Asks: 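Below: one structure in structure tokens.
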Amino acid sequence: MDNSREPVSDARKLQLLLRFNQLISRRIELKPMIAEAMAQARELVNADRTTLWLMDDEAGQLYTFVGEGLEEEVRIRVGEGVAGTAAREHRVVVVNDAYNSPLFNPEIDRRSGYRTQSLLAVPMESTDGKLIGVFQAINRLDGSDNDADSGFTDEDTELFSSMAAIAAVFLENAVLYDEQQRQFRSFIVTLAQSVDTKDQTTSNHTKLVTGISVAIAQELGLSRRTVERIRIAAVLHDYGKIGIPDNVLQKPGSLNEEERDLMRSHVLKTILLLRRINFSRELRDIPRIAGMHHEKLDGSGYPFGLRGDEIPLEGRILAVADIFQALTQTRPYKQGMAVPEALAELRIMTQDHTDRYDKVSGMHVDPLVVDALARILQREHDDLRVFEEASKWEPMLQGRII
Ligand SMILES: [Fe+2]
Ligand SMILES: [Fe+2]
């Protein structure tokens, strides 16, 4: 072990503490940010390693969220070892001669080939006193006389405890945010499922349109946030069908004019229903995007007859996914088209064309979006199962950040 570190000056301590606070309150991906903050904490108390344990309430265990020097996640029972004791008793535990302490569990050392001498474990609690995890420093390095086993001091405990308190507030918010996200997503999925259940003839349509839209968005290299926005808009795109009478929604064959108008009104219904949901700032555009899946680039679509650039990329993606899914889907009254045939049909819609009813039309769909879909299908040898993974509800519900 390298014990040759200089003691940390007071000015440096203050600097590290401020930096820790700054890092932990920055809104970036959680794990790397926590890892960086932990490196600051390590320097502050002159430790060799730090570990951040989080509480898994269901299992009654602590698991290493970030463990410096650990390759894999480690789990311990609450009450087991030094961190487990800090967790069970909600108190700071300092052990400066690990192998002679009854609290120390040498199992992790045995697995990682490390030699623990001193440990400082501080419980992290939420504002209402619930245990969130344990923040732990391992092996105090004493730079002044190269003596590794002088152990953690009261000052270290104090400093480390204030960092644990900052981390606790932050992690509590992150856990809360995570729970809210999952709650919101399960709500969205329930809405979408209610549509697919109502419209038996097109069951799974919503799910597959979601899978196709997400795959195209990813193929186009859009940001993670944009992909998520598209996913949710796709999940909800036909939600307005909930307000269409079953005899129209499930009518086999063609609709008369009145029925067609009623059917088309599902888009406005979608927009109006979704506008009632209090979406977060990032998702505020969802009702608008979801309401664009029947718009066409030449302005002949509905409900607004938007043209060209008036339809953003998100809406164009949904439109292509919706058409492609409808073309390839087998329904009680029609056999679904084969993939090459459906793609050819979409290609025709990327330019001025005469449709199958001899109607002369302009460009309906975005050729770049169709190209992206074609690339995916080519790679997958026209196997539509590629869209199933992206269309599963479960990953949406498991999208945990912690
Ligand atoms: Fe629709
Ligand atoms: Fe649709």
Side-chain angles (χ1 to χ4, degrees), residues 188-217 229-255 257-275 277 285-297 299-306 311-334 336-337 342 345-346 349 364-366 369-370 373 384 387-388 390-391 393:
I188 298 287
V189 165
T190 311
L191 292 186
Q193 277 169 332
S194 61
V195 180
D196 272 2
T197 318
K198 183 174 159 71
D199 188 1
Q200 295 289 345
T201 54
T202 60
S203 68
N204 269 345
H205 169 73
T206 303
K207 227 175 169 182
L208 289 166
V209 169
T210 305
I212 299 166
S213 302
V214 167
I216 295 176
R229 202 163 44 230
I230 289 171
R231 185 197 302 275
I232 295 173
V235 166
L236 295 170
H237 81 280
D238 272 339
Y239 184 58
K241 282 188 180 170
I242 206 91
I244 307 297
D246 286 355
N247 63 329
V248 175
L249 200 59
Q250 297 183 21
K251 183 176 173 183
S254 52
L255 305 172
E257 205 171 317
E258 195 188 329
E259 290 165 337
R260 193 160 43 240
D261 284 347
L262 196 56
M263 188 65 176
R264 287 181 165 200
S265 73
H266 80 275
V267 185
L268 276 177
K269 287 186 166 57
T270 295
I271 297 171
L272 293 174
L273 287 165
L274 296 189
R275 273 198 193 148
I277 298 178
D285 266 353
I286 297 280
R288 207 167 66 89
I289 298 167
M292 286 183 180
H293 69 277
H294 290 296
E295 296 289 355
K296 294 172 179 168
L297 291 169
S300 65
Y302 64 93
F304 303 118
L306 300 176
I311 311 169
L313 184 58
E314 290 99 322
R316 298 172 187 217
I317 291 174
L318 248 54
V320 168
D322 192 64
I323 297 171
F324 181 75
Q325 203 289 318
L327 291 176
T328 50
Q329 184 166 54
T330 296
R331 299 184 186 185
Y333 51 90
K334 77 158 181 82
M337 274 185 192
E345 187 99 350
L346 272 169
M349 296 181 205
H364 281 181
V365 293
D366 186 336
V369 176
V370 176
L373 174 63
L384 295 176
F387 301 123
E388 283 171 18
S391 72
W393 302 132

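Numbering starts at 1 and runs along the sequence shown. What you see is a predicted model, and the numbers here were worked out from it, not measured in a lab. Counting convention: from 1, in listed order, for ligands and their atoms alike.
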Asks: Using 2.8 Å as the cut-off, note every protein N, O or S atom close to the Fe ion (ligand 1).
Replies: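 Short answer, with waters excluded from the count: D238 OD1, H266 NE2, H293 NE2, H294 NE2.
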
Asks: Check I244 against S265 and note the closest heavy-atom contact, atom names and distance.
Replies: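 Of all heavy-atom pairs spanning I244 and S265, the closest is CD1-OG, 3.6 Å.
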
Asks: Is H266 close to H294 at the side-chain level, that is, under 4.5 Å between some pair of heavy atoms?
Replies: yes

Asks: With the Fe ion (ligand 2) as the point of reference, which N/O/S atom of H205 is the closest?
Replies: NE2

Asks: Looking only at heavy atoms, which two atoms of H237 and T270 are closest? And how far apart?
Replies: O-OG1, 3.2 Å

Asks: Rounded at 0.5 Å granularity, tell me how far CE in M292 sits from CD1 in I271.
Replies: 8.0 Å

Asks: Could you check if a side-chain atom of R229 sits within less than 4.5 angstrom of a side-chain atom of I286, using non-hydrogen atoms only?
Replies: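 R229 vs I286: side chains touch.
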
Asks: Please examine the side chains of E295 and P303, heavy atoms only from C-beta on, and report whether any two atoms are closer than 4.5 Å.
Replies: yes

